[in-house]
Chemist: 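Got a structure here, written out as structure tokens. Questions coming.
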Amino acid sequence: MSIDSETMIDWFDRTHRDLPWRRPACTGWGVLVSEIMLQQTPVARVQPIWEEWLERWPVPSALAAASQGEVLRAWGKLGYPRRALRLHAAAAAIAEQHGDVVPSNVDTLLALPGIGAYTARAVAAFAYGKRAPVVDTNVRRVVARAVHGAGDAGPASNTRDMADVEALLPVDEARAARFSAALMELGALVCTARSPRCADCPIYDTCAWQRAGRPAYDGPAKPTQKFAGTDRQIRGKLLDVLRDTPEPVWKASLDVVWPQDAGRRDRCLASLLTDGLVEQIADGRFALPGEH
DNA sequence: TATACGTGGAT
DNA sequence: TATCCAAGTAT
């Protein structure tokens, strides 16, 4: 079973959300910032931060001129703050090597920090109307169901997943980009992971999963990601202290966030230093990088 | 290919 | 309350 692109595009044109990074006036930079922020982070949390960023840093060189600490503060609690550092580095590269204009070529985009297979193609497609297979978690789920008749996508396989989507893509560039947006929108709003709204689905009639009687997912179990008590949680707490204070802090102020296990806490702090998310200044205090 | 990497809302 | 899950990337 396939997916009819015209049906999808018609549905998208009728029902899509009016997100700011989808407006015609939005620049490639606006699209890139949105794509990085949206990695593993819901639209509702991204939108207000995206607005602030585009207002404050309307072009890559503007972001590049800010310090890493400023950028991390502005990132707030979006999560995975290494994304903010990579976007900052990408902005510097774009400013210096690409005339302050986000590249439209997939391979050029892939060479930038924080931009992988998904983001490079999303920017090429959504900012520049290029024809490229844009494969995110939504698209993988929609294809798994509508095309393969499975309850959900199995483990990601970049080559296979992109080939799957490539086979569905309209030949026309602009329509291919629109179709990709439609596929993602369907996965985000209708063909959702938990309770799919099949009654509202534009491709209900041709969906292989429907025809097969909506079998449950039978692939390998997905690793459940824990958070409470992990290094990720401890790192988050440490960083939260530094985001909240304009001045550098002594180690004692960091120690209080995880008194249970000093060894592990110190290793987390060390890993933050290694990642460049935290800096130790000359007098021994700790701070966000680049501000002191 | 498997794993680490933040955060918070929904169920 | 516990678990799931959200437009992934780097290693």
Chemist: Could you identify which residues of residues 123-145 of chain A place a heavy atom less than 4.0 Å from some atom of DNA chain C, listed by residue number, or say none?
Modeler: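 Heavy-atom contacts with DNA chain C come from A:Asp136, A:Thr137, A:Asn138, A:Arg141.
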Chemist: Evaluate A:Arg131 against A:Asp172 for salt bridge (charged side-chain N to carboxylate O under 4.0 Å, His left out), listing each step before the verdict.
Modeler: CA-CA 8 Å; A:Arg131 184 180 184 281; A:Asp172 178 72; over 6 Å; no
Chemist: At under 4.0 Å between heavy atoms, what does A:Arg160 touch on the DNA or RNA strands: base, sugar-phosphate, or nothing?
Modeler: nothing
Chemist: Checking all strands, does A:Pro223 fall into the base, sugar-phosphate, or nothing category for heavy-atom contacts under 4.0 angstrom?
Modeler: nothing
Chemist: When you check the gap from the basic side-chain N to the acidic O, do A:Glu185 and A:Arg22 get nearer than 4.0 Å?
Modeler: yes
Chemist: Please classify the nucleic acid contact of A:Asp275 as base, sugar-phosphate, or nothing, using heavy-atom distances under 4.0 Å.
Modeler: nothing
Chemist: Answer yes if the side chains of A:Tyr118 and A:Gln39 hold a donor-acceptor pair under 3.5 Å, and no otherwise.
Modeler: no
Chemist: What do the steps show when you test A:Arg141 against A:Thr192 for side chain to side chain donor-acceptor pair (under 3.5 Å), and what is the final call?
Modeler: CA-CA 8 Å; A:Arg141 184 172 56 250; A:Thr192 53; over 6 Å; no
Chemist: Would you say that A:Arg56 contacts A:Glu70 through its side chain, given a criterion of any heavy-atom pair below 4.5 Å between the two side chains?
Modeler: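 Yes, at least one pair of side-chain atoms sits under 4.5 Å.
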Chemist: Distance between the P atoms of C:dT9 and B:dG8, in whole angstroms?
Modeler: 23 Å
Chemist: Among residues 161-195 of chain A, which contact DNA chain C at a heavy-atom distance under 4.0 Å?
Modeler: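 Result for residues 161-195 of chain A: A:Met184, A:Ala188, A:Ala193, A:Arg194, sorted by number.
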Chemist: Mind checking if A:Trp21 touches a base, just sugar-phosphate, or nothing, with heavy atoms under 4.0 Å?
Modeler: base
Chemist: Expressed as a whole number of angstroms, how long is the span from A:Arg22:CZ to C:dA7:P?
Modeler: 11 Å
Chemist: Verify the distance criterion only: is there a donor paired with an acceptor across the side chains of A:Asp136 and A:Asn138 at less than 3.5 Å?
Modeler: yes
Chemist: Report the distance from atom CZ of A:Phe227 to atom P of C:dC4, rounded to the nearest whole Å.
Modeler: 16 Å
Chemist: In terms of hydrophobic clusters joined by side-chain contacts under 4.5 Å, are A:Val256 and A:Trp250 together?
Modeler: no
Chemist: Determine the interatomic distance between P on C:dC4 and the same-named atom on B:dT3; round to the nearest Å.
Modeler: 16 Å
Chemist: Check the pair A:Lys237 / A:Asp240 against salt bridge (charged side-chain N to carboxylate O under 4.0 Å, His left out), numbers first and verdict last.
Modeler: CA-CA 5 Å; A:Lys237 284 176 178 290; A:Asp240 205 31; over 6 Å; no
Chemist: Determine whether a donor-acceptor pair (N or O, by modelled atom type, separation under 3.5 Å) exists between the side chain of A:Arg265 and the backbone of A:Asp255.
Modeler: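 Confirmed, A:Arg265 side chain pairs with A:Asp255 backbone.
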Chemist: Which is it for A:Ser5 and A:Arg175 under the side chain to side chain donor-acceptor pair (under 3.5 Å) test, yes or no, and what are the steps along the way?
Modeler: CA-CA 8 Å; A:Ser5 56; A:Arg175 299 200 80 66; over 6 Å; no
Chemist: What are the 5'-most and 3'-most nucleotides of DNA chain B lying under 4.0 Å from any heavy atom of chain A?
Modeler: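 Counting from the 5' end, contacts occupy B:dC5 to B:dT11.
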Chemist: As a test of understanding, state which of A:Leu54, A:Val33, A:Val31, A:Leu19 forms a side chain to side chain contact (heavy atoms under 4.5 Å, CB included) with A:Cys26.
Modeler: A:Val31
Chemist: For a quick check of understanding: with a heavy-atom distance under 4.0 Å over all strands, which category does A:Arg86 fall into, base, sugar-phosphate or nothing?
Modeler: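 It contacts sugar-phosphate atoms only.
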Chemist: Quick one: are A:Ser2 and A:Leu168 in side-chain contact, heavy atoms under 4.5 Å?
Modeler: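 Counting from C-beta outward, A:Ser2 and A:Leu168 do come under 4.5 Å.
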Chemist: Hey, can you pull the residues of residues 105-122 of chain A with a non-hydrogen atom under 4.0 angstrom from DNA chain C?
Modeler: A:Pro113, A:Gly114, A:Ile115, A:Gly116, A:Ala117, A:Tyr118, A:Thr119
Chemist: Can you pull out every side-chain hydrogen bond (donor to acceptor under 3.5 Å, both in side chains) where at least one residue sits in residues 200-224 of chain A? Sequence neighbours excluded, please.
Modeler: A:Asp152-A:Lys222
Chemist: Specify the residue among A:Asn158 and A:Gly76 whose closest nucleotide of DNA chain B lies further upstream toward the 5′ end.
Modeler: A:Asn158
Chemist: Would you mind telling me which residue lines up with the more 5' stretch of DNA chain B, A:Pro155 or A:Arg243, judged by nearest nucleotide?
Modeler: A:Pro155
Chemist: Classify the nucleic acid contact of A:Leu87 as base, sugar-phosphate or nothing, counting any heavy atom under 4.0 Å across all strands shown.
Modeler: nothing
Chemist: State whether the number of non-hydrogen atoms from other residues, nucleotides or ligands found under 6.0 Å of A:Glu6 atom CD is greater than 12.
Modeler: yes
Chemist: Kindly say whether the aromatic ring centers of A:Trp75 and A:Trp53 come within a distance under 6.0 Å.
Modeler: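 Yes: the rings meet the under 6.0 Å criterion.
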Chemist: Measuring only between side-chain heavy atoms, which start at C-beta, is A:Thr119 closer than 4.5 Å to A:Leu112?
Modeler: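 Counting from C-beta outward, A:Thr119 and A:Leu112 never come under 4.5 Å.
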Chemist: Please determine which of A:Val134, A:Val135, A:Leu189 meets the side chain to side chain contact (heavy atoms under 4.5 Å, CB included) test together with A:Met184.
Modeler: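 Of the listed residues A:Val134, A:Val135, A:Leu189, the side chain to side chain contact (heavy atoms under 4.5 Å, CB included) partner of A:Met184 is A:Val134.
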Chemist: Using a strict heavy-atom distance below 4.0 Å, which residues from residues 27-41 of chain A are in contact with DNA chain C?
Modeler: A:Glu35, A:Leu38, A:Gln39, A:Gln40
Chemist: Between B:dA4 and C:dA7, how far is it from one P atom to the other, in whole Å?
Modeler: 22 Å
Chemist: How would you label the contact of A:Gln225 with the nucleic acid (heavy atoms, under 4.0 Å): base, sugar-phosphate, or nothing?
Modeler: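 Base contact.
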